[in-house]
Peer 1: 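First the structure, then my questions, so here it is.
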Amino acid sequence: MRDYDGTEFGDVEDAAAFAAAPDAFQRLWTPYRIAYIKANSEQEPASDDCPFCAAPAMEDEQSLIVHRGVHAYVLLNLFPYNSGHLLVCPYRHVATYDEATPEEVAEIGSLTQVAMRVLTETAQCHGFNIGMNQGRIAGAGVAEHLHQHIVPRWALDSNFVPIIAGTKAVPRLLGEVREELANAWPTP
Ligand SMILES: [Zn+2]
């Protein structure tokens with residue numbers, strides 16, 4: 001089945017083809033406008049192989065950064081569990097929470113609060129999953145660079161696809177969501 005412009009419905013991309021650390025899911029990009037994602041996946045991998053060290057050196061549109069703080073920054077997850085799935089990372093390449101400085105801990109906390117408010121305002125979500133996977137054994141995709149997940153949740157956001165096909169439907173494109181969140185982020 002094809003869209004009016006000839007693109008095929010239901011393209012499924014293997015997460016292993018993306019630039020950052022893959023996870024177990026394939027993703028069905030439901031808007032069928034995958035050119036943006038393909039453009040991102042064709043970037044050169046970072047020389048040190050750490051996507052969270054490489055991101056701040058790129059333009060916000062390219063790295064999906066929503067907000068840059070003093071010690072930490074906020075970006076959209078390239079492998080989202082849901083639309084608006086954000087990550088808060090310290091700029092410093094540290095692996096675990098106990099290695100973060102008090103300043104980094106404080107800013108990761110305050111950026112998480114602002115992210116919740118911005119997501120509530122822009123996406124009208126009903127709840128959040130917030131947390132850090134510490135170490136690969138605990139599920140961290142990029143275990144060597146600390147990052148806090150902020151996953152917005154809606155009452156009816158679960159669907160059968162992850163259960164039967166290992167595929168998550170992500171209804172909005174990352175570039176579109178990044179722009180909306182960056183515009184809604186309060187200026188200090
Ligand atoms: Zn790093």
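All residue numbers in this chain count up from 1 along the given sequence. One-based numbering, in listed order, for ligands and for the atoms of each.
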Peer 1: Quick one: closest heavy-atom pair of I150 and V88, and the distance?
Peer 2: CD1-CG2, 3.6 Å

Peer 1: Restricting to N, O or S, what is the name of the atom of H93 that lies nearest the Zn ion (ligand 1)?
Peer 2: ND1

Peer 1: Could you please spell out the steps behind the side chain to side chain contact (heavy atoms under 4.5 Å, CB included) verdict for L75 and C89?
Peer 2: CA-CA 8 Å; L75 79 168; C89 307; 3.9 Å; yes

Peer 1: Do you see an N/O/S atom of C50, backbone or side chain, under 2.8 Å from the Zn ion (ligand 1)?
Peer 2: yes

Peer 1: In H145, the N, O or S atom nearest to the Zn ion (ligand 1) is which?
Peer 2: ND1

Peer 1: Provide the closest heavy-atom pair for P80 versus L174 in the form atom of the first, atom of the second, distance.
Peer 2: CG-CD2, 4.1 Å

Peer 1: Any idea which heavy atoms bring F52 and Y73 closest together, and the distance?
Peer 2: O-OH, 2.6 Å

